[in-house]
J.: 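Take a look at the following structure, please.
Heavy-atom basis, side chains included; hydrogens, waters and symmetry copies ignored. We count residues from 1, following the sequence as given.
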Amino acid sequence: MKKQIIGYTLSLALAAGSVGYSAPLDLFEENYEAINRALVGPGVISQLSDYGIEIEATTKSENVADFTADLLMDFGGTPNQVLKSQERGEVVFTNYAEGQGVATILSKANIALYQEEEDADSILFLKAENVEQQGQIDQENGQYKFNYRYPELILFNDEGVVEVATVNEINLEGIYGFSQNFEKRDSVNIDYKSGQIVIKPEGRDEALVTIDGSNGYWVENNGEKVQKFLFELNKIFVKESDEDQPFSEILMDRLTYAAGAELMDEKPYIHGHFGIDKIEVKVPAYEPAALPFGDFNLKLQLTELSDDLFEKLEVLRLDEADTLNEILVNSSFKMSDFVVPGSRLNISIAGDLDEDHAKMDLSIMPNAAFIEKVSTLNLEDPDAFSEAFSGLTFFEFVNQYIDDLVVNVMIDKSYFINLGSNVLLSQGEADNQEAAKRQMNEFYKEFMVLAMVINSGMPVIEFSPQGISSDIRYNGGVWSVNGQEIDLELIASMFSE
């Protein structure tokens with residue numbers, strides 16, 4: 001931060017001593033308008049009812065100008081929502097001309113989101129005031145470098161009167177790369193950080209949710225075949241929202257959401273991750289101690305994708321969508337555009353409680369017939385997928401549309417007992433830890449008996465002193481369970497009963 005401020009200060013100092021040309025106001029207005037449009041994104045703008053930005057610069061001295069920038073984004077809908085931004089500041093030019101020099105921006109902005117209705121006053125939903133903005137338009141390198149500081153972001157109730165959520169000290173710092181005279185965004189590299197986040201619904205005397213802070217990043221460069229996004233919430237504290245709830249507090253050390261597209265073994269792949277670290281629940285009968293629930297992680301990968309995935313992502317981003325999530329549900333982006341024969345979907349769900357673990361891995365390789373069929377569906381219709389394959393049993397579906405399938409489950413017995421005991425205690429269904437563990441041990445025995453009935457025809461589930469495991473595989477019309485090849489008709493008959 002200090003280095004960036006020093007850089008801006010040096011630019012100001014150099015500009016103050018530079019002579020021989022007048023302030024290039026028209027070029028600045030053109031560049032700054034193009035940058036703002038590119039930052040909002042063509043996909044977002046195309047979906048707005050109205051979008052407008054007015055930038056006006058006036059000469060203050062030979063190389064310095066004052067400027068105003070007013071932005072309006074009309075989201076449409078009923079009721080109508082409108083975002084307005086008013087920016088006021090100063091820009092200093094250092095050898096700034098086509099293809100050379102920089103324009104250094106120091107400004108403050110006020111941002112507000114309103115609900116507008118006919119014959120009624122606008123309702124304020126969200127506001128951020130005195131946003132400090134430092135930016136630099138680099139003509140030679142086609143970059144916009146910035147550092148934004150939001151002292152506070154406030155969210156209001158439906159009447160626009162009561163504050164229901166606040167985010168303190170938001171800091172955004174990064175670089176956008178451009179081509180075509182700032183008309184086309186080529187790359188993004190942004191770091192994000194915030195201070196405390198408080199959620200306090202209307203009518204409560206104390207906060208429902210308090211979060212120590214958040215952080216993340218966004219990296220995108222389709223030319224270098226990378227898109228990465230990370231968002232984390234740190235030290236989350238949730239108070240009970242209902243007097244009837246058996247728990248008084250939920251604590252989480254970290255909540256993580258990450259997604260992206262990159263290369264793995266020189267092949268494109270898409271990945272996602274949702275995780276919660278160190279979940280704890282406080283129950284009045286056990287306070288001040290908390291019941292541990294450990295960690296939870298969900299990971300997804302789409303591997304071995306089309307070699308030209310990033311080229312297609314870039315074309316679609318410029319035309320219709322702006323983020324990876326928007327692209328994946330966009331009606332113009334068919335499955336066959338990125339999934340090819342040999343592509344594989346991997347899903348992993350894992351829980352960890354101290355030294356105890358549980359994990360389920362699912363891996364599916366669809367065949368060409370599945371890819372072709374799904375590519376004809378409108379994925380924006382939530383019923384399209386189920387309707388396309390209606391009438392097929394699970395095993396018929398696998399036989400017709402899947403080349404390879406692997407399901408692997410592993411649950412430590414101690415994880416099963418300890419986590420289950422804490423669930424019973426948190427729901428008020430056991431009086432103490434000993435009683436809860438006794439219930440879970442009885443349930444474990446009942447589960448073993450049920451598994452023995454199932455295993456009488458086929459060893460689907462295996463028990464050991466360590467816990468529960470199962471390994472089911474399908475490839476080329478052949479099923480195997482825990483290493484033993486099984487007749488498909490036997491499996492189908494057992495699950496149809």
Side-chain angles (χ1 to χ4, degrees), residues 29-30 32-57 66-89 105 107-133 135 146 148-172 185 190 192 194 197-204 207-209 214 218 231 317-323 325-327 329-331 380 382:
E29 292 175 355
E30 177 185 332
Y32 204 41
E33 179 176 344
I35 288 169
N36 275 276
R37 283 184 174 274
L39 299 194
V40 174
V44 174
I45 292 176
S46 68
Q47 298 174 38
L48 297 174
S49 295
D50 188 22
Y51 172 87
I53 182 168
E54 295 183 2
I55 299 173
E56 183 177 352
D66 291 326
F67 79 93
T68 63
D70 295 327
L71 172 69
L72 181 144
M73 296 171 60
D74 190 335
F75 295 93
T78 305
N80 194 41
Q81 293 186 346
V82 178
L83 179 72
K84 297 179 181 179
S85 171
Q86 295 181 325
E87 183 183 0
R88 305 289 183 264
I105 300 165
S107 65
K108 286 191 175 183
N110 294 323
I111 303 168
L113 176 66
Y114 296 92
Q115 176 178 302
E116 295 187 344
E117 300 182 18
E118 293 184 8
D119 304 323
D121 294 334
S122 297
I123 299 174
L124 179 63
F125 276 168
L126 178 149
K127 74 173 182 179
E129 296 180 334
N130 295 315
V131 179
E132 298 175 4
Q133 302 187 171
F146 66 93
Y148 297 162
R149 177 183 170 272
Y150 295 68
E152 187 178 49
L153 184 69
I154 303 174
L155 181 69
F156 295 87
N157 68 347
D158 292 342
E159 287 76 37
V161 178
V162 180
E163 297 180 10
V164 295
T166 57
V167 185
N168 295 300
E169 290 291 335
I170 300 173
N171 286 279
L172 293 168
R185 191 189 75 205
I190 299 174
Y192 158 86
S194 84
I197 302 169
V198 176
I199 301 174
K200 184 181 178 182
E202 187 177 0
R204 282 184 63 94
L208 172 64
V209 180
S214 62
W218 176 25
F231 179 71
R317 180 185 71 79
L318 295 175
D319 291 341
E320 300 182 46
D322 196 50
T323 69
N325 289 338
E326 291 173 3
I327 286 169
V329 297
N330 191 283
S331 59
E380 294 176 321

J.: Under the side-chain hydrogen bond (donor to acceptor under 3.5 Å, both in side chains) test, which residues partner Glu30, sequence neighbours left out?
T.: Asn181
J.: Considering residues at least two apart in sequence or located in another chain, which fulfil the side-chain contact (heavy atoms from CB on, under 4.5 Å) criterion with Ser122?
T.: Tyr114, Glu116
J.: According to salt bridge (charged side-chain N to carboxylate O under 4.0 Å, His left out), who are the partners of Lys127, at least two apart in sequence or on a separate chain?
T.: Glu129
J.: Just jot down the side-chain contact (heavy atoms from CB on, under 4.5 Å) partners of Lys108, sequence neighbours excluded, or say none.
T.: Asn130, Glu132
J.: Are any of the side-chain heavy atoms of Leu83 and Ile111 separated by less than 4.5 Å?
T.: yes
J.: Once rounded to the nearest 0.5 Å, what's the spacing between atom CD1 of Ile35 and atom CD1 of Ile55?
T.: 8.5 Å
J.: So which pairs with a foot in residues 34-55 pass salt bridge (charged side-chain N to carboxylate O under 4.0 Å, His left out), sequence neighbours left out?
T.: Glu33-Arg37
J.: Check Val82 against Asn80 and note the closest heavy-atom contact, atom names and distance.
T.: CG2-ND2, 3.6 Å
J.: Name all residues meeting the side-chain hydrogen bond (donor to acceptor under 3.5 Å, both in side chains) criterion together with Gln115; count only those two or more places apart in sequence or in a different chain, and write none if there are none.
T.: Glu117
J.: Could you work out, with salt bridge (charged side-chain N to carboxylate O under 4.0 Å, His left out) as the rule, every residue matching Glu169, not counting sequence neighbours?
T.: Arg149
J.: Could you please spell out the steps behind the side chain to side chain contact (heavy atoms under 4.5 Å, CB included) verdict for Phe146 and Ile105?
T.: CA-CA 9 Å; Phe146 66 93; Ile105 300 165; over 6 Å; no
J.: How many angstroms lie between CD in Gln86 and CG in Leu72, if you round to the nearest 0.5 Å?
T.: 10.5 Å
J.: How close do Glu87 and Ser107 get, counting heavy atoms only, and between which atoms?
T.: OE2-OG, 2.6 Å
J.: Indicate yes or no for a side-chain donor-acceptor contact from Glu163 to the backbone of Ile154 under 3.5 Å, with no hydrogens or angles considered.
T.: no
J.: Where does the angle between the aromatic ring planes of Tyr32 and Phe67 fall among parallel (under 30°), tilted (30 to 60°) and perpendicular (over 60°)?
T.: perpendicular
J.: Got a sec, which residues hit side-chain hydrogen bond (donor to acceptor under 3.5 Å, both in side chains) with Tyr150, two or more places apart in sequence or on another chain?
T.: none
J.: Hey, does Glu152 have a side-chain heavy atom less than 4.5 Å from the side chain of Thr166?
T.: yes
J.: Please report the closest heavy-atom contact between Gly160 and Ile123, naming both atoms and the distance.
T.: N-CG2, 3.5 Å
J.: Considering residues at least two apart in sequence or located in another chain, which fulfil the side-chain hydrogen bond (donor to acceptor under 3.5 Å, both in side chains) criterion with Asp70?
T.: Arg88
J.: Mind checking side-chain contact (heavy atoms from CB on, under 4.5 Å) for Leu71 and listing every partner two or more places apart, or none if nothing turns up?
T.: Tyr51, Ile53, Met73, Ser85
J.: Who passes ring-ring contact (aromatic ring centres under 6.0 Å, His included) against Phe125, sequence neighbours left out?
T.: none
J.: Which residues satisfy the side-chain contact (heavy atoms from CB on, under 4.5 Å) test with Leu155, sequence neighbours excluded?
T.: Leu126, Val164, Ala165
J.: Below 4.5 Å, heavy atoms only, C-beta onward: do Tyr192 and Ile170 meet side chain to side chain?
T.: yes
